[in-house]
2 protein chains.
Amino acid sequence: MSTQTERRRRSDGERSRRTILLTAARLATVEGLDGLTIGRLAAATGMSKSGLFAHFGSKEELQLATIGAAEEIFAEDVLRPALEAEGLERVRALSERFLSHVGRNVFPGGCFFASAAAELDTRPGPVRERVVAVQRQWMDLFEGAIRTAQERRELDPSVDPAQLTFELNALLGEANGLYLLSGDPGAFDMARRGIADRLERAAA
Amino acid sequence: MSTQTERRRRSDGERSRRTILLTAARLATVEGLDGLTIGRLAAATGMSKSGLFAHFGSKEELQLATIGAAEEIFAEDVLRPALEAEGLERVRALSERFLSHVGRNVFPGGCFFASAAAELDTRPGPVRERVVAVQRQWMDLFEGAIRTAQERRELDPSVDPAQLTFELNALLGEANGLYLLSGDPGAFDMARRGIADRLERAAA
DNA sequence: CCTACCGATCGGTAGG
DNA sequence: CCTACCGATCGGTAGG
C-alpha cells in the first residue's frame with residue numbers, strides 16, 4: 001500500500017515534470033532560456049510558482065533540464081529517423097529531417113539549439129557549455145557521415161569533411177533564420193537547392 | 001548668451017545620448033535587446049536611471065534608438081568601405097568587411113543584427129520590424145551587387161541572384177555563430193574558402 | 001505541491 | 001539631469 005502510494009506519487013511527479021519541461025522547451029525558443037521565468041512557466045502549466053520551483057531547485061537547473069528535454073525531442077524527431085540511413089544518404093537525411101523539423105514548427109522559435117546558441121554565445125557558464133556540447137555532437141555526427149560517404153566513394157575523398165560540414169550547416173542555419181524572420185517556407189527550398197548543388201560538386 | 005547656453009545644453013544632451021547608445025548597442029549583443037535594462041545601462045554609463053530614461057521615454061524607444069546606433073556603426077565599418085567597389089569586387093568586399101567586422105569584435109556579441117534577429121524573430125512589434133528592415137536592406141545590397149556582376153559578365157547570368165545571396169549569407173552567418181561559440185577565428189577561414197569556391201563556380 | 005512571504009530589480013512617473 | 005517613489009515581477013525561502 002505505502003509502496004504503491006509512493007510509486008504513484010513518484011510517477012505523478014515524473015509526469016508533471018515532463019509536462020513542465022515540454023512547455024519550458026517550447027517557451028524558451030520564444031522568450032529565450034533566460035527570458036523563461038518561473039512565474040510565466042507556472043502560469044503556462046497551471047501550477048503555483050513555488051510548486052514548480054520545487055521540481056528544480058534553481059533557475060539554472062530548470063534551464064539545464066529544459067535543454068535535456070529539447071535534446072530528447074530533437075533526437076526523436078531528427079536524429080532517429082536520419083540514423084537509419086548511412087553515408088551520403090545519412091548526410092541527406094540529417095539535412096532533410098532538420099529542415100522538416102523547423103518547417104513543422106515543432107518549436108515555435110525554430111531550432112531550439114540555434115536559438116539557445118545565439119542567446120548564450122556570450123554568457124559563460126554551465127548552461128552555455130551544455131548547448132555547445134549538443135552543437136558539437138551534431139557537427140560530429142554530420143562529419144562522421146561525410147567520412148563514411150568518402151570511404152564508400154559516395155563523396156570525393158579529397159573533400160575536407162570539416163569544411164563540408166561547415167558549409168552544409170550554414171545552409172541549414174540560414175534556412176532556419178530566414179524562415180523565422182520571413183515566415184516563407186521558400187527558405188527551405190533555397191537550402192535544399194544549395195545542399196544538393198554542394199553535394200553534387202563533392203561527389204566522387 | 002542664452003542662445004549659447006541652450007546650444008551647449010543641446011549639444012551636451014546629444015553627446016550624452018550618443019554615449020548611452022554606443023554602450024547600449026554593445027551591451028545589447030550580450031544581454032539581448034530585451035535583456036538590456038534601463039538600470040544596468042544607467043550603471044554602465046554612470047547616470048541615474050530616470051536621468052537616462054528621460055532621453056527616450058520608453059524602453060521600446062530606447063531599443064529603436066539602439067538599433068539606429070548599431071546601423072550607423074555597421075554602415076561606417078562594413079558598408080562604406082565595401083561600397084567603394086562595384087560588381088563582383090563589391091560582393092567580395094561586403095563579405096570580407098563583414099567577416100573583419102565580426103573578427104575585430106566591434107560588438108562583443110558579434111554581428112548586432114544577427115544577434116537581434118535571433119532574439120526577436122518570434123516577437124512581433126516595431127522593434128522586430130526595424131531589425132527585419134535592416135536585414136532586408138543588407139540582402140538587397142548583396143543581390144544588387146550580384147546582378148551588376150552578372151551584367152558585367154563577372155558572374156554567370158544564369159545564376160539566381162537570390163539563391164546566391166542566400167548561400168553567401170549562410171556562410172557569413174555561420175562564421176559569426178561558430179566564432180562566437182568556439183572563439184576560433186578559423187571559422188572565418190572556412191567562410192572565406194566557402195565563399196571563394198562558390199563565387200568561382202558562379203563565374204561566367 | 002501549496003500559501004505566504006523575502007529583498008532586489010523591473011519599467012515608469014512626479015516633481016523639480 | 002536628479003531624488004524619491006510606484007506597482008509588478010523577478011528568483012528564491014519558510015513551513016507545512
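Remember, it's a predicted structure, so these values are computed and weren't measured experimentally. Numbers restart at 1 for each chain; the letters A, B, ... are given by sequence-line order, proteins then strands.
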Seminar exercise, completed: Ranking C:dG11, C:dA14, D:dC1 by distance to the side chain of B:Phe53, first place goes to C:dG11

Exercise. For the pair made of CD in B:Glu60 and P in C:dC10, what is the distance, rounded to whole Å?
Worked result: 19 Å

Seminar exercise, completed: note: A:Glu61, atom CD; D:dG11, atom P; distance rounded to Å ~ 15 Å

For this session: For C:dG16, give its Watson-Crick or G-U wobble partner with both distances under 3.5 Å, or none.
Result: D:dC1

Exercise. Taking atom P of C:dG11 as reference, at what distance in whole Å does atom CG of B:Leu52 sit?
Worked result: 11 Å

Exercise. In whole angstroms, how far is the C1' atom of C:dC10 from the CG atom of A:Asp34?
Worked result: 14 Å

Exercise. Does OP1 or OP2 of C:dC1 have a side-chain N or O of A:Ser16 closer than 4.0 Å?
Worked result: yes

Exercise. Between D:dG11 atom C1' and A:Ile38 atom CD1, what is the distance in whole Å?
Worked result: 5 Å

Exercise. Counting only distance, no hydrogens or angles, is the base of D:dT3 paired donor-acceptor with the side chain of B:Ser48 under 3.5 Å?
Worked result: no

Problem set entry | Residue B:His55, side-chain atoms from C-beta onward, closest of D:dC1, D:dC10, D:dT3 | D:dC1

Problem set entry | Euclidean distance, atom CG of residue A:Leu36 to atom P of D:dC10 [Å, nearest integer] | 10 Å

Problem set entry | N/O donor-acceptor pair, side chain A:Lys49 with base D:dG11, under 3.5 angstrom | yes

Seminar exercise, completed: Ranking A:Arg40 and B:Ile20 by the position along DNA chain D of their nearest nucleotide, the one closer to 5' is B:Ile20

Exercise. Does a side-chain N-to-carboxylate-O contact under 4.0 Å join A:Asp77 and A:Arg97?
Worked result: yes

Problem set entry | Test item: A:Phe74 and A:Val106 side chains (from C-beta on) under 4.5 Å apart, heavy atoms | no

Seminar exercise, completed: When both distances are under 3.5 Å in a Watson-Crick or G-U wobble arrangement, the nucleotide paired with C:dG7 is D:dC10

For this session: Round to the nearest Å and state the distance from A:Gln63 atom CD to D:dC10 atom C1'.
Result: 13 Å

Exercise. Is a side-chain donor-acceptor pair under 3.5 Å present for B:Asp121 with A:Tyr179?
Worked result: no

Exercise. Hey, are B:Glu151 and B:Arg147 close enough for a salt bridge, meaning a charged N less than 4.0 Å from a carboxylate O?
Worked result: no

Exercise. Between A:Leu62 (CG) and D:dG11 (C1'), how many Å, whole number?
Worked result: 11 Å

Seminar exercise, completed: With the side chain defined as heavy atoms from C-beta on, A:Ser50 is closest, among D:dC2, C:dC2, C:dG11, to C:dC2

Exercise. So which nucleotide from D:dC1, C:dC10, D:dT3 ends up closest to the side chain of B:Ala54?
Worked result: D:dC1

Exercise. Is any side-chain heavy atom of B:Phe112 less than 4.5 Å from a side-chain heavy atom of B:Leu33?
Worked result: yes

